[in-house]
Amino acid sequence: MAHAARRRRTAEEARELILEAAQRRLAEGGPEAVRLQEIAADAGLSHPTILHHFGSREGLLEALLQRAMDDLRRDLLQALRTDGVVSVSELLDRVANTLSERGHARLLAWRLLSRRVPEEVARERMLLQLATAAHERRSAAWRAAGRPEPSREETHFVVWLTAVALLGDAIGGPLLSRSLGMEDDASDRFRAWLAELLDARLGEANDSD
């Protein structure tokens, strides 16, 4: 019996298949596991097809990181702009999922060290967008409580500190736990503690503001 004709995929479908296959490899084995021949086999596509869509392994890694950052930014901005629904702890868990479980902390660190972060990531100023949304939410809460306007720079520094803490934990959390004499990976407890710290700091009126 003749085989049924293989359905022709659109360019967008093929691109998505490649990115999903690359994402699975990244989560399982880190950036070094993202190999074009294996991804082509996983996606049921040819190696030249990947080159057609992304140009090179470098181009694929750049697209993979850009997609993850775009998805995370949209998710966090939506959560920050939804009053009183999402807690700080939930926000930190969402970031940790992208950085740790999906493997993007290692990819981002590797590309930062090699000075190959996509221009879009820097140009779009993701942290500035998040800090602006966080400050708007913080300011509204303070006004409702009859407090003076909080410091915008402090909000920016809180976002900066949080980004550094979560990226560092995603890269070396288990090592840091062991170095502190903790036998298990304490990352979940660290994020819960950090959330409490942020709640206390961001909800505290500062007479100097």
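As the structure is a prediction and not an experimental result, all values here were calculated from the model. Atoms considered below: every heavy atom in the structure, side chains included; atoms not considered: hydrogens, waters and symmetry mates.
The pair E136-R152 does not meet the salt-bridge criterion, since no charged nitrogen lies less than 4.0 angstrom from a carboxylate oxygen.
For L77, the side-chain contact (heavy atoms from CB on, under 4.5 Å) partners two or more places apart in sequence, or in a different chain, are R73, R81, Q129, L130, A133. With sequence neighbours excluded, the residues forming a side-chain contact (heavy atoms from CB on, under 4.5 Å) with D93 are S89, R191, listed by chain and number. The side-chain contact (heavy atoms from CB on, under 4.5 Å) check on A109 picks up I171, with sequence neighbours excluded. Under the side-chain hydrogen bond (donor to acceptor under 3.5 Å, both in side chains) criterion, R178 pairs with no residue at all, not counting sequence neighbours. When the side-chain hydrogen bond (donor to acceptor under 3.5 Å, both in side chains) test is applied to N97, no partner is found at least two apart in sequence or on another chain. Considering only residues two or more places apart in sequence or on other chains, S177 meets the side-chain hydrogen bond (donor to acceptor under 3.5 Å, both in side chains) condition with none of them. Considering only residues two or more places apart in sequence or on other chains, H135 meets the side-chain hydrogen bond (donor to acceptor under 3.5 Å, both in side chains) condition with S139, T155. The side-chain contact (heavy atoms from CB on, under 4.5 Å) search around H47 returns L36, Q37, L51, not counting sequence neighbours.
Taking Ile, Leu, Val, Met, Phe, Trp and Tyr as hydrophobic and joining them when side-chain heavy atoms fall under 4.5 Å apart, one finds V164 in a cluster with F157, W160.
Within a 6.0 Å radius of CD in E16, other residues, nucleotides and ligands contribute more than 12 heavy atoms.
Proximity of a side-chain donor or acceptor of S179 to a complementary backbone N or O of L175 within less than 3.5 Å is not detected.
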N/O donor to acceptor pairs below 3.5 angstrom from side-chain atoms of residues 18-28, sequence neighbours left out:
from : atom 1 : to   : atom 2 : distance (Å)
E20  : OE2    : R67  : NH1    : 3.2
E20  : OE2    : R67  : NH2    : 3.3
Q23  : OE1    : R102 : NH2    : 3.3
Q23  : OE1    : H104 : NE2    : 2.7
Q23  : NE2    : R102 : O      : 2.8
R25  : NE     : D42  : OD2    : 2.7
R25  : NH1    : E38  : OE1    : 3.1
R25  : NH2    : D42  : OD1    : 3.2
R25  : NH2    : D42  : OD2    : 3.1

Salt bridge (charged side-chain N to carboxylate O under 4.0 Å, His left out) evaluation trace for R138 with E149: CA-CA 9 Å; R138 184 187 186 199; E149 186 75 12; over 6 Å; no
